[in-house]
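Step one of this worksheet: look at the structure below.
Every chain is numbered from 1, with letters handed out A, B, ... down the list of sequences. In this text, all values refer to a predicted model and were calculated from it rather than measured experimentally.
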2 protein chains.
Amino acid sequence: MSNSWSEIRDEIKRRVLERELLPGAKLPNDQELAEEFGCARTTVQRAMQDLVHSGTVNRRRKGGTTVTLHPITRTTFDIPITRLEIQTAGKEYGYFLVSREIRVSPTHVASSFGLAKPMEMLHVVALHLADKKPYIYEDRWIVHSTTPEILDIDLSRESANEWLIRNRPYSDCEVRFLAKNATHHEAELLSADPGDAVFVMERTTWINKAPITMVRAIAAPGYQLVTKAS
Amino acid sequence: MSNSWSEIRDEIKRRVLERELLPGAKLPNDQELAEEFGCARTTVQRAMQDLVHSGTVNRRRKGGTTVTLHPITRTTFDIPITRLEIQTAGKEYGYFLVSREIRVSPTHVASSFGLAKPMEMLHVVALHLADKKPYIYEDRWIVHSTTPEILDIDLSRESANEWLIRNRPYSDCEVRFLAKNATHHEAELLSADPGDAVFVMERTTWINKAPITMVRAIAAPGYQLVTKAS
DNA sequence: ACTATTATTATGTGCATGCTTAATAGTATT
DNA sequence: AATACTATTAAGCATGCACATAATAATAGT
């Protein structure tokens, strides 16, 4: 009986799905499973690690392996550079800078970075277009003390989104999804009506504790984020 | 020089972050890296697998390992049972059934399941409360030919959300996030105003190709989905 | 009865070795 | 000369063993 680690994973998953193993149930230890499947303990370990990743089981040394008590839906979203998202969809990409100025950030921006009080940042507002139609409205605060080079970039030609992702990698990122009603200003730029529900993706990034940028990307009405979870 | 696989992973990630390895760049092969780090090839392989998971690098047999060309933000969200989400936040959970009837599904529901044409399903509308205030409005279509037991469940006592997650595991799940304006009916139940922007999470699940349920969970205004990506 | 130590047990990690896959070079055939 | 098949080989991938580590349970000492 020769089983690959992924077959073992699938079989355990099947037992969980078919309720042969109930939530909270303790699985046999790796050694026993290895004997059952006729393989080495390491192979079972591999399968189990994958199940830990997908949130199917929990493992603790000495405590053993148990089926996750409260099943959850674990989904993964990839957020690409906006230009690529548009071009991948087969649409023509367009971009223009709405405003660019250095000013003291509002408190909510500072607190999102975990900063005690507001500080001077570069505030950039821009619009991304798909097939000449507004697609994403980008309201961004850049901590230029962390990334001084950004001050020399001509943001009317290259989006801050793209420049930062390519030139200022981050170590930590907080993502926030929410819905809001479009303001007058946002609606105008997005060719929508004021009050229209818009989908907002907020991202705050740091490089080793140092704040880089916080962006509020507001999608035009109709935008959806889709993913297939296993 | 003894390095654990996670230290190797962190070091490679650092090189990518510090732009010592540019997007698209080819890394040395596992053998060479193993020599550099003074460890076995397998240990490098482990580190690399983790970097593949996080989307940092791509690997192809014979082709080698390359730094991901277009950096992306990969985020993972865990969507729990609504009751637990509320209780975990330290709030009192409440629930009531708004309506329950068997009827032919609209076409958009059928097409979400990948069904050619509409069919009879169980349609359930319910409200989840946090500290007696509306929290999530749940509009659900259940394929009762896949899960006939659901017809015998008293959904005024136990939410379909909970019963299904506990009793009808799924193998595939499609998740969709979007924003919309609350309808009159939705606004009333959520104690909001018609037209308020609400955050919508749509989930469609299957068990081995057989459709189970499609739920549209509409959160009360102010709801946010937050996660920390690495 | 409480605390410190030791034993046990289950998972985690590192290493050696052999397998699988895909790109490419080489060869034969049209 | 162009195509189609085959062999080579350079990568990553999978498996199994031995040992490390962590969490609990058992025991001994105060």
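Checking A:Ser112 against A:Thr204 by side-chain atom types alone, a donor-acceptor pair falls below 3.5 Å. Side-chain atoms of B:Tyr135 and B:Glu85 form a donor-acceptor pair, as typed in the model, at a separation below 3.5 Å. Using a 3.5 Å distance cut-off with no hydrogens or angles, the side chains of B:Gln87 and B:Arg83 do pair a donor with an acceptor. Checking A:Tyr170 against A:Thr213 by side-chain atom types alone, no donor-acceptor pair falls below 3.5 Å.
In this entry the distance linking CG of B:Asn29 with C1' of C:dA23 reads 15 Å, nearest Å. Counting to the nearest Å, the P atom of C:dG14 and the CZ atom of B:Arg9 are 11 Å from each other. Whole-Å rounding puts the B:Asn58 CG to D:dA11 C1' distance at 15 Å. Rounding to whole angstrom units, CG of residue B:Leu33 and P of C:dC15 are separated by 14 Å. For the pair A:Ile8 CD1 and D:dT15 P, the computed distance is 7 Å after rounding to whole Å. In this structure, A:Arg46 places its CZ atom 14 Å from P of C:dG14, rounding to the nearest Å. With rounding to whole Å, B:Lys26 atom NZ is found 8 Å from D:dG12 atom P. Distance B:Gln31 CD to C:dG18 P: 15 Å, rounded to the nearest Å.
Taking 4.5 Å as the limit, every side-chain heavy atom of B:Leu33 sits out of range of all side-chain heavy atoms of B:Ile8. For the pair B:Leu17 and A:Ser171, the minimum side-chain heavy-atom distance is below 4.5 Å.
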Next item on the list: Scan nucleotides 18-28 of chain D nucleotide by nucleotide, 5' to 3', and note B when protein non-hydrogen atoms come under 4.0 Å of the base, S if they reach only the sugar-phosphate, - if neither.
Entry: BB-BSBB----
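In the set C:dT11, C:dT13, D:dA11, C:dT11 carries the atom at the smallest distance from any side-chain atom of A:Asp30.
When the side-chain nitrogen and oxygen atoms of A:Gln45 are compared with OP1 and OP2 of C:dG12, one or more of them lie within a distance under 4.0 Å. Put simply, B:Thr65 has no side-chain N or O that comes within less than 4.0 Å of OP1 or OP2 on D:dA11.
Counting non-hydrogen atoms under 4.0 angstrom, B:Gln49 reaches the backbone sugars and phosphates but no base.
Partner assigned to D:dG29 is C:dC2, using Watson-Crick or G-U wobble distances below 3.5 angstrom.
The aromatic rings of B:His53 and A:His53 lie parallel to each other, their planes meeting at an angle below 30°, with 60° marking the opposite boundary.
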